[in-house]
Visitor: 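Pasting a structure below so you can have a look.
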Amino acid sequence: MAPHDFWQEVHSPGTFAVDGEFASFYVAVLEDGRQMRLPIRVLADGDHALASLIINQASFAVLDTLAESLAEKIRPMRIDVVAGLPTLGLTLAAAVAQKLGHSRYVPLGTSRKFWYRDELSVPLSSITTPTQQKRLYVDPRMLPLLAGRRVAVIDDVISSGASIVAALDLLEACGIEPVVVGAAMLQSERWRESLAAAGPQWIPRTVGVFTTPILERNAAGRWQAPA
């Protein structure tokens with residue numbers, strides 16, 4: 001597959017085998033059995049890899065499918081407002097808010113506007129931009145939309161959990177505790193340690209449309225999920 005061909009189609013159940021080895025793509029399975037092909041990104045050690053999702057490069061059909069699935073998962077929580085994490089989480093958060101029937105959502109940001117306040121920001125790290133020193137901000141004008149409301153925090157992918165923990169810390173500083181954390185993909189299980197350290201309530205409150213494992217290179221040079 002060409003790189004731009006990924007994230008463009010949701011396939012029918014059983015289109016691809018999912019119980020063996022993978023070469024150039026990993027097959028993610030949604031709860032209803034439908035499948036998506038995700039590119040495999042090799043980690044620095046060369047022996048492990050992750051399946052990747054870049055949601056702002058996805059087709060509208062894929063975005064719509066993931067947003068609808070996530071909205072249905074969090075709809076029982078009676079969400080009043082969706083807060084989205086930059087950068088890629090903003091695409092999904094806006095779509096989820098629309099699926100919930102909301103007229104708007106609250107985007108968190110990493111670009112400091114002159115009216116932002118430093119005390120309404122926290123350091124932010126990301127697995128995809130590990131060398132960049134960034135801060136996560138909430139626009140102070142948006143606080144009335146969040147205070148006293150049932151808030152969902154949405155990102156596209158939860159991997160190490162660092163970005164989600166930053167968002168939780170930021171909202172806590174504003175006196176806000178979200179009722180749910182959501183993502184399209186829960187990438188491996190590494191996020192659990194970070195969220196557990198942030199508070200025992202967060203793992204049960206975290207939901208995803210689908211999950212993917214850390215992949216291991218086998219003797220044939222192909223990728224497989226750990227036994």
Side-chain angles (χ1 to χ4, degrees), residues 7 52-60 62-75 77-113 115-117 120-129 132 134-187 191 194-195 198 202 205-210:
W7 316 306
S52 172
L53 173 67
I54 308 294
I55 203 162
N56 66 354
Q57 296 178 9
S59 69
F60 296 136
V62 167
L63 173 61
D64 188 73
T65 295
L66 296 177
E68 179 66 34
S69 297
L70 185 54
E72 288 306 306
K73 281 180 172 288
I74 69 174
R75 194 182 301 279
M77 287 81 163
R78 307 188 316 279
I79 301 303
D80 296 317
V81 61
V82 171
L85 268 164
T87 301
L88 301 181
L90 300 181
T91 299
L92 181 62
V96 169
Q98 286 185 302
K99 296 292 185 183
L100 292 173
H102 298 177
S103 61
R104 66 185 301 173
Y105 81 115
V106 174
L108 306 181
T110 55
S111 175
R112 192 190 191 285
K113 311 305 181 186
W115 62 87
Y116 284 12
R117 307 200 315 252
L120 297 180
S121 71
V122 295
L124 176 67
S125 63
S126 169
I127 192 171
T128 53
T129 55
Q132 295 185 19
K134 299 185 289 186
R135 295 190 70 82
L136 183 67
Y137 297 90
V138 59
D139 189 327
R141 302 174 304 172
M142 299 293 105
L143 289 180
L145 299 176
L146 298 167
R149 313 293 295 280
R150 295 182 64 81
V151 177
V153 173
I154 301 297
D155 205 354
D156 64 326
V157 175
I158 301 178
S159 184
S160 69
S163 296
I164 291 295
V165 170
L168 297 175
D169 288 344
L170 176 60
L171 293 177
E172 181 182 16
C174 302
I176 298 158
E177 181 172 299
V179 298
V180 66
V181 172
M185 178 168 72
L186 302 180
Q187 189 183 59
W191 59 272
S194 297
L195 267 68
W202 295 119
R205 292 189 194 179
T206 300
V207 299
V209 177
F210 63 90

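Since this is a predicted model, take the numbers as computed values, not measurements.
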Visitor: For atom CZ of R104, is the number of surrounding heavy atoms from other residues, nucleotides or ligands below 6.0 Å larger than 12?
Guide: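 Open: at most 12 neighbouring heavy atoms sit under 6.0 Å from CZ of R104.
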Visitor: On a heavy-atom basis, which atom in D80 and which in H102 lie closest, and how many Å separate them?
Guide: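 Result for this residue pair: O-CE1, 3.4 Å.
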Visitor: Apply side chain to side chain donor-acceptor pair (under 3.5 Å) to R75 and list each qualifying residue two or more places apart in sequence or on a separate chain.
Guide: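 Checked R75 against side chain to side chain donor-acceptor pair (under 3.5 Å); matches are E72.
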Visitor: When you compare the side chain of V151 with that of V106, does any pair of heavy atoms fall below 4.5 Å?
Guide: no
Visitor: For E172, enumerate each residue passing the side chain to side chain contact (heavy atoms under 4.5 Å, CB included) test, keeping only those at least two apart in sequence or located in another chain.
Guide: D169
Visitor: Any heavy-atom pair between the side chains of W7 and L63 that's under 4.5 Å?
Guide: no
Visitor: Rounded to the nearest 0.5 Å, what's the gap from OG on S163 to NZ on K134? Could you check?
Guide: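 Going from OG on S163 over to NZ on K134, the span is 7.0 Å.
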Visitor: Using 0.5 Å steps for rounding, measure from the CD atom of E177 to the CG atom of L168.
Guide: 8.5 Å
Visitor: To the nearest 0.5 Å, what is the distance between CG on L171 and CG on L120?
Guide: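 The CG atom of L120 is 10.5 Å from CG of L171, to the nearest 0.5 Å.
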Visitor: Sequence neighbours excluded and cut-off under 3.5 Å, please list the side-chain donor-acceptor pairs for residues 83-95, or say none.
Guide:
none

Visitor: Verify, without hydrogens or angle tests, whether R205 (side chain) and P178 (backbone) share a donor-acceptor contact under 3.5 angstrom.
Guide: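 Here the side-chain-to-backbone pair exists.
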Visitor: Taking atom CD1 of I74 and atom CG of L100, what is their separation to the nearest 0.5 Å?
Guide: 5.0 Å
Visitor: Side chain to side chain contact (heavy atoms under 4.5 Å, CB included), that's the test. Do W191 and V165 meet it? Break it down for me.
Guide: CA-CA 9 Å; W191 59 272; V165 170; over 6 Å; no
Visitor: Within the structure provided, determine whether L143 and C174 are in side-chain contact (heavy-atom separation under 4.5 Å).
Guide: yes
Visitor: What's the verdict on side chain to side chain contact (heavy atoms under 4.5 Å, CB included) for K99 and D64, showing C-alpha distance, side-chain angles and the deciding distance?
Guide: CA-CA 9 Å; K99 296 292 185 183; D64 188 73; 2.4 Å; yes
Visitor: Of all the heavy-atom pairs spanning A167 and L108, show the shortest one and how long it is.
Guide: CB-CD1, 4.2 Å
Visitor: So, using ring-ring contact (aromatic ring centres under 6.0 Å, His included) as the criterion, who are the partners of Y105 when residues are at least two apart?
Guide: none
Visitor: Does any N or O in the side chain of R149 come within less than 3.5 Å of the main-chain N or O of V81, such that one atom is a donor and the other an acceptor?
Guide: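 Looks like no, no N/O pair under 3.5 Å.
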Visitor: State which residues pass ring-ring contact (aromatic ring centres under 6.0 Å, His included) with Y116; sequence neighbours excluded, sorted by chain then number.
Guide: Y137
Visitor: Start with the C-alpha gap between L53 and Q187, add the side-chain angles, then the distance that decides, and say whether side chain to side chain contact (heavy atoms under 4.5 Å, CB included) holds.
Guide: CA-CA 9 Å; L53 173 67; Q187 189 183 59; over 6 Å; no
Visitor: How long is the straight-line distance from OG of S159 back to CD1 of I164, given to the nearest 0.5 Å?
Guide: 11.0 Å
Visitor: Which residues pass the side chain to side chain donor-acceptor pair (under 3.5 Å) test with R117, sequence neighbours left out?
Guide: E119
Visitor: Quick one: CG on D155 to CE on M185, what's the gap to the nearest 0.5 Å?
Guide: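 Reported value, rounded in 0.5 Å steps: 10.5 Å.
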